[in-house]
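Numbers here are sequence positions counted from 1.
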Amino acid sequence: TIIPGSQQFITEAKSGQDIQLTIDRDVQWVAAQAISDAVKSSGASSGTVIVMDPKTGAIVAHATAPTFDPNNTKKVSLDLMRNPSVQDVYEPGSTGKVMTLAAALEEKAVTPQTVFTVPYALKTKYKVFHDHEKHPTQQLTTAGILAVSSNTGTIQIGAKLSDDTFYKYLRAFGVGKSTNSGLPGESAGLINAPKDWTGTSKPTMSFGQGYSVTAMQATSIFATIANDGVRVEPTVIAGTSDADGHYTPAKSRNSSRVISAETAKQMRLIIESVVSAQGTAPSAAIPGY
């Protein structure tokens, strides 16, 4: 109740703003269908696909399977409501090798044509490391090591960098820090500083194990190579509109140079070899592209 004669304060309601997303609904629809089919056909527990514009950081599509209807959440478990693309972390494995090669190329420790003697089993001071499949000792170039995804070859490339230099590049690519995508609950991933490494840390990290990333961070790593070595923070917000319909574009995302344009160009050519007939992922090749 209001006491008669007392002061009254009336706060006028303010109209909120509408948010316009960077999502392209057509690409989103195709991405959602594709990841749903891939999860079913592979028997995976879940899957994520992210489509990013490397130049602006705009997330064009962002889909996870299995998913749920946000209009009917009464029977949906909290676990299903998570956004695994930014909340769940995993060891990148062989996809992390691109950072090892990019760092070594940038530091001029190797060239794409540098030849290595690559055994199936490589004995280091602390452990014997193996490749995925048994093979005779090979002579492989830097590019060839990535094409066949050799662990023992990548360990040798990583060994050409100091611990601090290698760590510096992993951090510059965004490992161990949030991408600032603005999506709720985003994880920074996991990586130890060199002072906490053991004798097996550097070799293991060279081939993408011993640290963890989110799917959003992994997308950003490849987008950086696509964007001539400049890392742009990802975002899902294109801009806002006020009550009168005036549209304000979002501010440009923060960006930083990770590797030179020349190194990025070399890396793109090397990565192409992965989906060639001689590489480990020919099924990922796109006909005519």
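- Panel note: side chain Arg253, backbone Pro234; a donor-acceptor pair is recorded below 3.5 Å.
- Around NZ of Lys127, the count of heavy atoms belonging to other residues, nucleotides or ligands within 6.0 Å does not exceed 12.
- When atom types are taken as modelled, the side chain of Lys202 and the backbone of Gly158 share a donor-acceptor pair closer than 3.5 angstrom.
- Applying the 6.0 Å contact sphere to CG of Leu269 captures more than 12 heavy atoms from other residues, nucleotides or ligands.
- Evaluated for a side-chain contact (heavy atoms from CB on, under 4.5 Å) with Val98, the options Ile270, Thr224, Ile271 yield exactly one hit, Ile271.
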Quick one, Ser149 with Ser94, criterion side chain to side chain donor-acceptor pair (under 3.5 Å). Give me CA distance, side-chain angles, the key distance, then yes/no.
CA-CA 7 Å; Ser149 195; Ser94 292; 2.9 Å; yes
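- Inter-residue side-chain proximity for Phe173 and Ile225 is flagged as met; some heavy-atom pair is nearer than 4.5 Å.
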Throw together a table of side-chain donor-acceptor distances under 3.5 angstrom for residues 60-67, partners on residues two or more places apart or in other chains.
residue	atom	partner	partner atom	Å
His62	NE2	Ser85	OG	2.6

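- Although no hydrogens or angles enter the test, the distance criterion places a donor-acceptor pair under 3.5 Å between the side chain of Thr100 and the main chain of Ser206.
- Atom CD1 of Ile19 sits in a sparse spot, with 12 or fewer heavy atoms from other residues, nucleotides or ligands closer than 6.0 Å.
- Judged purely by atom type and a 3.5 angstrom limit, Ser220 has no side-chain atom pairing as donor or acceptor with the backbone of Met216.
- The backbone N or O of Gln33 sits nowhere less than 3.5 Å from a side-chain atom of Ser36 that would complete a donor-acceptor pair.
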So Glu186 and Thr179, side chain to side chain donor-acceptor pair (under 3.5 Å) or not? Walk me through it.
CA-CA 8 Å; Glu186 183 167 15; Thr179 67; 2.4 Å; yes
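- Residue Ile145 is tested with Val110, Asn151, Thr152, Thr154 for a side-chain contact (heavy atoms from CB on, under 4.5 Å); the sole match is Thr154.
- For Tyr126, the OH atom sits in a loose shell: 12 or fewer heavy atoms of surrounding residues, nucleotides or ligands are nearer than 6.0 Å.
- Judged by distance alone, the side chain of Ser201 and the main-chain N or O of Thr198 form a donor-acceptor pair under 3.5 Å.
- Salt bridge present: Asp228 and Arg268 bring a charged side-chain N and a carboxylate O closer than 4.0 Å.
- Looking only at distances, no side-chain donor or acceptor of Asp131 sits under 3.5 Å from a matching main-chain atom of Glu133.
- Listed by first and then second residue, the side-chain hydrogen bond (donor to acceptor under 3.5 Å, both in side chains) pairs that reach into residues 104-117 are Glu106-Ser260, Glu106-Thr263, Glu107-Tyr169, Thr111-Thr114, Thr117-Gln139, sequence neighbours excluded.
- In this structure, the side chain of Asp242 engages the main chain of Asp244 through a donor-acceptor pair within 3.5 Å.
- Ser162 places a side-chain N or O within donor-acceptor distance of the main-chain N or O of Thr165, the cut-off being under 3.5 Å.
- Counting heavy atoms from C-beta on, the side chains of Ser181 and Val236 never come closer than 4.5 Å.
- A donor-acceptor pair under 3.5 Å is formed between the side chain of Gln217 and the backbone N or O of Ala188.
- Between Tyr120 and His130, the ring-plane angle classifies as tilted under the 30° and 60° cut-offs.
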